[in-house]
Engineer: 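Structure below; questions to follow.
By convention in this document, chain letters (A, B, ...) are assigned in the order of the sequence lines, proteins followed by strands, and residues within each chain are numbered from 1.
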Protein chains: 2
Amino acid sequence: MLKIGEFSKLSHLTVKALRFYEKKGLLIPETVDEWTGYRFYETRQLEDAAKIKAYRQLDLSIDEIKAIMSGADAKVIFAEKAVALQSQREEIDVRLSIIKSILEDVNMKYQVTVKEIPSAIVYYAETTLEKYSDAMQFIPMCGEECRKLNPDLKCTNPPYEFCEYLDGEYRETNIRIRHSEAVEKTGRESELIKFREIPVTKVLSIFHKGAYEQIGEAYAFIMKYAEDNGYKPAGLARECYIDGIWNKESVDEWLTEIQLPIE
Amino acid sequence: MLKIGEFSKLSHLTVKALRFYEKKGLLIPETVDEWTGYRFYETRQLEDAAKIKAYRQLDLSIDEIKAIMSGADAKVIFAEKAVALQSQREEIDVRLSIIKSILEDVNMKYQVTVKEIPSAIVYYAETTLEKYSDAMQFIPMCGEECRKLNPDLKCTNPPYEFCEYLDGEYRETNIRIRHSEAVEKTGRESELIKFREIPVTKVLSIFHKGAYEQIGEAYAFIMKYAEDNGYKPAGLARECYIDGIWNKESVDEWLTEIQLPIE
DNA sequence: TTAGAGCATACCCTAAGGGGAGAGTCAATA
DNA sequence: TATTGACTCTCCCCTTAGGGTATGCTCTAA
């Protein structure tokens, strides 16, 4: 019969942990003095204690250990744990690779995040622009046309509006673009305006601040980032307009998000 | 001016997280309505939100992010984080290798744990045994001799008593052993009895239940385990007697721990 | 008999939010 | 104008695996 302190020294589990394990029903002292509440353990229980300690060192949770100790199939639990550990390992690898690229890169101008974009209904319109700045006429025009077709149709709040560049390559002229904007439901279509539902999408996202002249850098950055860190592009990048000439006077305050679908 | 829900959708941070970040002083809404308490954010703050989200995805803590955002040297923090992640990775690798060996091994008879043995003062005595069972005379004899030399010297509670086999190899006869037992302080020595302090030691530990005939299996197991999982033995294994003929009648209840110093 | 060590319970703490209750606010509709 | 439903607020409890501390009881040796 060992008092808790003695058992603690033999098992190399702290007294706190032993009391905690009792509370969780994992390792119950052989007897408990009815009057004083003193816990008494048997040397025999050192084996269970060792098991518990070994399993904790493998990072099994108390509940998992309890399951194993009460006869559950240990193989299954270990196999599950191995899978979980493996995916933890992969996550860590991704983080390490990102940190490494941050440390190497002198300019940490862009921060990349992974996001999940919920599904949405959008109206969209495609066209070919002679030059980029023509988008500034085209986009409001789409909005007007859509409102004309569907006077009661409302955009989402907050708005979600983006352009995709349909040419595979960079062009200075004759640029094919598709403009989309999220709305509450589908509506009447026209030659120009169509509706579709975009599915839930995982994206890499960065924000670009300032004028559009340097936005090419942002594209280059996110593409390189995806390649360096093992993300596979799964669609056209979306250029989302958050702040621009329509609400901010100073060009420095313009804000654009670039979302690159992945997986 | 965006309400918290709108900002949440744009930043892909939950409302809960945004309120939490405000509480922690990480991301303060641009204005807070004095009467209603409503938080209002600016689109400009999306950049900070993206940064925070990116850093959280790298598993930086709130405090680390706060340090970076308020101008601390990000390189240092990232470098530290990289080191931490690397060691996490190594831990996971060890666990995976152990789980793999458990899954492969049909007999999960032994559970190995890593322990830290605190330092202790021991008396010790060496001898050559003709056969193993002679230890049953030798060990109590050491105890008596020590008590004769040092009548007031007490053993630790709980006791810590072990044998080391000094021959590098397994022998059936002429076995050189050293027996040690932890005591409270040093004392008078004799030809047979010496004192020394054993330092803090990291060990692999397993428990062997039952008679000593099969204890060889346990040694084989722990040695293979050490090799398989990259632990380097750093000394002689200690055979610690917990339960035996002196306090348990049934052989099945005898309990011995084997501790293999590592690193 | 008394001091000191050991043991008991009980409460609070961790990191990063999640979940929910109860109450106030806002905007659109009847 | 009144109401309804969607948002928002604060406050409190919950998560893991125990650690720290306070207060009081018990045991053991001098």
Engineer: Whether R39(B) and E30(B) form a salt bridge (side-chain N of Lys/Arg under 4.0 Å from carboxylate O of Asp/Glu) is what I want to check.
Structural biologist: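 No salt bridge links E30(B) with R39(B).
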
Engineer: Closest nucleotide of DNA chain D for E22(B) versus for K9(B): which of these residues is on the 5' side?
Structural biologist: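 It is K9(B), whose closest nucleotide lies nearer the 5' terminus.
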
Engineer: Between which nucleotides of DNA chain C, read 5' to 3', does contact with chain B run, using atoms under 4.0 Å from its heavy atoms?
Structural biologist: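 So the outermost contacting nucleotides come out as dA16(C) to dC26(C).
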
Engineer: How would you list, by chain and number, every residue that makes a salt bridge (Lys or Arg N to Asp or Glu O under 4.0 Å) with E6(B), sequence neighbours excluded?
Structural biologist: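 If we apply the salt bridge (Lys or Arg N to Asp or Glu O under 4.0 Å) test to E6(B), skipping adjacent residues, there are no hits.
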
Engineer: Can you find a pair of side-chain heavy atoms, one from L2(A) and one from T43(A), that are under 4.5 Å apart?
Structural biologist: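 SC-SC contact between L2(A) and T43(A) confirmed.
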
Engineer: Just jot down the salt bridge (Lys or Arg N to Asp or Glu O under 4.0 Å) partners of E91(A), sequence neighbours excluded, or say none.
Structural biologist: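 For E91(A), the residues satisfying salt bridge (Lys or Arg N to Asp or Glu O under 4.0 Å) (neighbours in sequence not counted) are R95(A).
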
Engineer: In terms of the nearest nucleotide of DNA chain C, which residue is placed more toward the 5' end: K154(A) or K24(B)?
Structural biologist: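 Going by which nucleotide is closer to the 5' end, it is K24(B).
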
Engineer: Looking at every strand, decide which applies to K3(B) at a 4.0 Å heavy-atom threshold: base, sugar-phosphate, or nothing.
Structural biologist: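 Here K3(B) touches the backbone only, sparing every base.
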
Engineer: Judged by each residue's nearest nucleotide on DNA chain C, which is more toward the 5′ side, I62(B) or K16(B)?
Structural biologist: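 It is I62(B), whose closest nucleotide lies nearer the 5' terminus.
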
Engineer: Using ring pair (Phe, Tyr, Trp, His ring centres under 6.0 Å) as the criterion, list what pairs up with Y123(A), not counting sequence neighbours.
Structural biologist: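 None.
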
Engineer: Apply side chain to side chain donor-acceptor pair (under 3.5 Å) to the pair S101(A) and D228(A), showing each step before the final yes or no.
Structural biologist: CA-CA 8 Å; S101(A) 70; D228(A) 286 352; 5.8 Å; no

Engineer: Looking at residues at least two apart in the chain, or sitting in another chain, which of them share a side chain to side chain donor-acceptor pair (under 3.5 Å) with D93(A)?
Structural biologist: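 Side chain to side chain donor-acceptor pair (under 3.5 Å) check on D93(A) returns R89(B).
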
Engineer: Is there a donor-acceptor contact under 3.5 Å from the side chain of Q111(B) to the main chain of I206(B)?
Structural biologist: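 Judged by distance alone, no pair lies under 3.5 Å.
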
Engineer: To the nearest 10°, let me know how far the axis at one end of the helix from dT1(C)-dA30(D) to dA30(C)-dT1(D) is tilted from the axis at the other, five pairs an end.
Structural biologist: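 The helix from dT1(C)-dA30(D) to dA30(C)-dT1(D) shows an end-to-end axis angle of 40°.
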
Engineer: Pull out every residue in residues 29-57 of chain A that has a heavy atom closer than 4.0 Å to any atom of DNA chain D, ordered by number, or say none.
Structural biologist: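 Residues of residues 29-57 of chain A that come under 4.0 Å of DNA chain D are, in numerical order, T36(A), Y38(A), R56(A).
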
Engineer: Under the salt bridge (Lys or Arg N to Asp or Glu O under 4.0 Å) rule, collect the residues that match up with E253(A), sequence neighbours excluded.
Structural biologist: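 So E253(A) forms a salt bridge (Lys or Arg N to Asp or Glu O under 4.0 Å) with K248(A).
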
Engineer: Who are the ring pair (Phe, Tyr, Trp, His ring centres under 6.0 Å) partners of F195(A), not counting sequence neighbours?
Structural biologist: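 F195(A) satisfies ring pair (Phe, Tyr, Trp, His ring centres under 6.0 Å) with no residue once adjacent residues are dropped.
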
Engineer: Tell me every residue that passes salt bridge (Lys or Arg N to Asp or Glu O under 4.0 Å) with R188(B), counting only those two or more places apart in sequence or in another chain.
Structural biologist: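 For R188(B) there are no salt bridge (Lys or Arg N to Asp or Glu O under 4.0 Å) partners, ignoring immediate neighbours.
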
Engineer: Identify the 5'-most and 3'-most nucleotides of DNA chain D with at least one atom closer than 4.0 Å to a non-hydrogen atom of chain A.
Structural biologist: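 Answer, 5' to 3': dA17(D) to dC27(D).
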
Engineer: So does H12(A) get a backbone contact from the side chain of K53(A), meaning a donor-acceptor N/O pair under 3.5 Å?
Structural biologist: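 Judged by distance alone, yes, a pair lies under 3.5 Å.
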
Engineer: Got a sec, which residues hit side chain to side chain donor-acceptor pair (under 3.5 Å) with R19(A), two or more places apart in sequence or on another chain?
Structural biologist: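 Partners of R19(A) by the side chain to side chain donor-acceptor pair (under 3.5 Å) criterion come out as none, since no residue qualifies.
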
